2 protein chains.
Amino acid sequence: MHKEHNLTKNQQIIFDIIDRSPEPLKAYSILFNVQKKGIKAPLQVYRALDKLVEIGKIHKIESRNAFIACQNSSCQVSKATAFSICESCEKVTEINNSSLSKYLSNFKDKAGMKYSKYNLEFFGLCKKCITK
Amino acid sequence: MHKEHNLTKNQQIIFDIIDRSPEPLKAYSILFNVQKKGIKAPLQVYRALDKLVEIGKIHKIESRNAFIACQNSSCQVSKATAFSICESCEKVTEINNSSLSKYLSNFKDKAGMKYSKYNLEFFGLCKKCITK
DNA sequence: TACATAATGTTATATTATAACAATTTTAAT
DNA sequence: ATTAAAATTGTTATAATATAACATTATGTA
Ligand SMILES: [Zn+2]
Ligand SMILES: [Zn+2]
Ligand SMILES: [Zn+2]
Ligand SMILES: [Zn+2]
């Protein structure tokens with residue numbers, strides 16, 4: 001479970017926009033959308049994004065430079081994330097699969113390196129796009 | 001196995017630099033290093049990078065916006081990639097583990113979406129950095 | 001209170017990546 | 001060899017993403 005964090009004003013504004021969006025949002029798209037609320041500079045957005053990622057309220061989709069709200073209260077504060085990405089419509093879904101997360105959390109490579117974090121992105125076509 | 005591709009001059013120059021590097025290289029770092037060889041513009045670098053990624057000779061480390069040479073002739077032309085990243089020294093290694101690649105290649109999510117590609121990045125501390 | 005920590009506001013700048021268009025080279029078929 | 005298509009290159013300009021530096025304000029807490 002996530003530890004509760006009291007979001008600050010900027011953090012809450014930016015989280016709300018991401019949380020309401022059906023698709024991942026990019027930083028400057030967020031910026032344009034919050035300028036009427038007094039957030040005028042990129043840094044204000046990036047700082048809120050950094051904090052929200054840190055506390056696990058949002059995740060960055062690295063291959064898209066975009067952010068989505070966490071759909072998965074059991075993902076250990078952004079330490080273990082997996083997403084499916086449709087390469088046609090760009091729909092992104094957070095994968096919540098205990099077999100997968102167990103497998104990856106326990107994975108050890110030959111070098112004996114133990115991992116504290118992972119991020120996995122699957123690419124393909126979503127159901128809607130396959131039938132097109 | 002990789003299909004053989006005859007690299008063009010620019011592609012070869014840029015591949016060689018990445019291949020010889022002990023660490024992932026960023027596009028503009030590559031650019032600075034090849035300016036003496038006549039490659040002057042970012043686009044020349046990005047076009048070569050795009051092609052090299054497409055044919056599987058290099059991979060992009062998404063979380064770092066950097067590129068490394070493929071260490072793994074059996075990774076199906078960039079369709080199934082996994083890396084370990086040391087968060088201290090930034091050493092990146094391509095993981096070649098058949099159990100992992102089988103597990104991920106066969107993974108199906110609840111939505112029935114079948115994936116054609118994945119990228120996995122593990123983060124942690126390498127052996128050298130753990131003991132520091 | 002007073003101190004430390006976190007968050008904010010602001011300007012400027014750094015870094016990463018693509019658009020648009022013309023020219024050249026390579027490939028493969030006639 | 002001729003030719004047309006496809007791929008690659010060269011070039012300038014610009015878009016998109018992200019951080020540095022510094023001053024200020026708010027918040028938590030001893
Ligand atoms: Zn999550
Ligand atoms: Zn789709
Ligand atoms: Zn590879
Ligand atoms: Zn290390």
Side-chain angles (χ1 to χ4, degrees), chain A residues 3-18 21 23-68 77 85 87 90 92 119 121, chain B residues 3-18 21 23-68 77 85 87 90 92 119 121:
Chain A
K3 177 178 182 307
E4 280 311 315
H5 284 269
N6 296 313
L7 301 184
T8 65
K9 184 166 141 274
N10 286 1
Q11 289 163 9
Q12 189 69 57
I13 290 169
I14 284 163
F15 175 72
D16 286 344
I17 288 197
I18 296 170
S21 170
E23 61 194 1
L25 293 180
K26 292 173 160 253
Y28 276 72
S29 151
I30 293 167
L31 176 59
F32 297 142
N33 279 288
V34 296
Q35 285 185 323
K36 48 182 167 291
K37 299 201 173 170
I39 295 176
K40 293 172 190 163
L43 248 197
Q44 295 174 290
V45 173
Y46 280 104
R47 285 198 283 226
L49 290 173
D50 285 350
K51 189 67 185 183
L52 291 167
V53 166
E54 184 193 325
I55 65 180
K57 299 279 288 181
I58 66 172
H59 303 300
K60 182 172 187 180
I61 309 301
E62 293 286 355
S63 66
R64 300 298 187 262
N65 297 320
F67 300 85
I68 66 169
V77 184
I85 303 171
E87 290 185 297
E90 292 294 324
V92 174
N119 179 57
E121 297 180 4
Chain B
K3 179 178 180 305
E4 280 310 315
H5 284 269
N6 297 315
L7 301 183
T8 64
K9 183 166 142 276
N10 286 2
Q11 289 161 10
Q12 189 70 57
I13 290 169
I14 283 162
F15 174 72
D16 286 343
I17 288 198
I18 297 170
S21 171
E23 61 194 359
L25 292 179
K26 294 178 158 248
Y28 276 73
S29 152
I30 293 168
L31 176 59
F32 298 142
N33 279 289
V34 296
Q35 284 183 323
K36 47 183 169 288
K37 299 201 174 171
I39 295 177
K40 293 171 189 162
L43 247 197
Q44 296 175 289
V45 173
Y46 279 104
R47 285 197 282 225
L49 290 173
D50 285 351
K51 189 68 186 184
L52 291 167
V53 166
E54 184 193 325
I55 65 181
K57 299 278 287 179
I58 66 171
H59 303 302
K60 182 173 187 182
I61 309 301
E62 292 287 355
S63 65
R64 298 299 186 263
N65 297 320
F67 300 84
I68 66 169
V77 185
I85 302 170
E87 289 186 298
E90 292 294 324
V92 174
N119 179 56
E121 298 181 5

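By convention in this document, chain letters (A, B, ...) are assigned in the order of the sequence lines, proteins followed by strands, and residues within each chain are numbered from 1. The shown structure was predicted, so the numbers you read here are calculated from the model rather than taken from an experiment.
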Only pairs under 3.5 Å count here: list side-chain donor-acceptor contacts from residues 30-48 of chain A, not counting sequence neighbours, and write none if there are none.
unit_1  : atom_1 : unit_2  : atom_2 : d
A:Asn33 : ND2    : A:Ser29 : O      : 2.7
A:Lys36 : NZ     : A:Asn33 : O      : 3.2
A:Gln44 : OE1    : A:Lys40 : N      : 2.9
A:Gln44 : OE1    : A:Ala41 : N      : 2.9

Taking atom [atom2] of [N] as reference, at what distance in whole Å does atom [atom1] of [X] sit?
X: B:Lys37; N: D:dT9; atom1: NZ; atom2: P; result: 15 Å
X: B:Gln12; N: D:dT9; atom1: CD; atom2: P; result: 12 Å
X: B:Leu49; N: D:dT9; atom1: CG; atom2: C1'; result: 15 Å
X: B:Leu31; N: C:dT18; atom1: CG; atom2: P; result: 15 Å
X: B:Asp50; N: D:dT8; atom1: CG; atom2: P; result: 11 Å
X: B:Ile13; N: D:dT9; atom1: CD1; atom2: C1'; result: 12 Å
X: B:Lys51; N: C:dT26; atom1: NZ; atom2: C1'; result: 12 Å
X: B:Gln35; N: D:dG10; atom1: CD; atom2: P; result: 13 Å

So, using salt bridge (charged side-chain N to carboxylate O under 4.0 Å, His left out) as the criterion, who are the partners of B:Glu90 when residues are at least two apart?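 Applying salt bridge (charged side-chain N to carboxylate O under 4.0 Å, His left out) to B:Glu90 gives B:Arg64.
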Could you grab the distance from atom CG of B:Leu52 to atom NZ of B:Lys60, nearest 0.5 Å is fine?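 One finds 13.5 Å between CG of B:Leu52 and NZ of B:Lys60.
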Gap between atom CG of A:Asn6 and atom CD of A:Gln11 - 0.5 Å precision: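 Going from CD on A:Gln11 over to CG on A:Asn6, the span is 10.0 Å.
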List the atom of B:Asn65, the atom of B:Lys26, and the distance in Å for their closest heavy-atom pair.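 The pair with the smallest heavy-atom distance is O-CG, 3.6 Å.
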Partners of A:Ser63 by side chain to side chain contact (heavy atoms under 4.5 Å, CB included), sequence neighbours excluded?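 Residues passing side chain to side chain contact (heavy atoms under 4.5 Å, CB included) with A:Ser63: A:Ile61, A:Ile85, A:Glu121, A:Phe123, B:Glu62.
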What pairs with A:Gln12 under side chain to side chain contact (heavy atoms under 4.5 Å, CB included), at least two apart in sequence or on another chain?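 A:Gln12 satisfies side chain to side chain contact (heavy atoms under 4.5 Å, CB included) with A:Leu7, A:Phe15, A:Asp16 only.
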Contact letters for nucleotides 10-17 of chain C, in which S counts primed atoms plus P, OP1 and OP2 and B counts the base, heavy atoms under 4.0 Å: BB----BB
Testing B:Leu49, B:Leu25, B:Ile17, B:Ile14 for side-chain contact (heavy atoms from CB on, under 4.5 Å) with B:Phe67, which one passes?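 For B:Phe67, the side-chain contact (heavy atoms from CB on, under 4.5 Å) check succeeds only for B:Leu49.
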Taking only side-chain N and O atoms of [X], does any of them lie within less than 4.0 angstrom of OP1 or OP2 on [N]?
X: B:Thr8; N: D:dT9; result: yes
X: B:Asn10; N: D:dG10; result: yes
X: A:Lys9; N: C:dT8; result: no

Between the opening five pairs and the closing five pairs of the helix from C:dT1-D:dA30 to C:dT30-D:dA1, how far apart are the helix axes, to 10°?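 For the helix from C:dT1-D:dA30 to C:dT30-D:dA1, the axes at opposite ends meet at about 50°.
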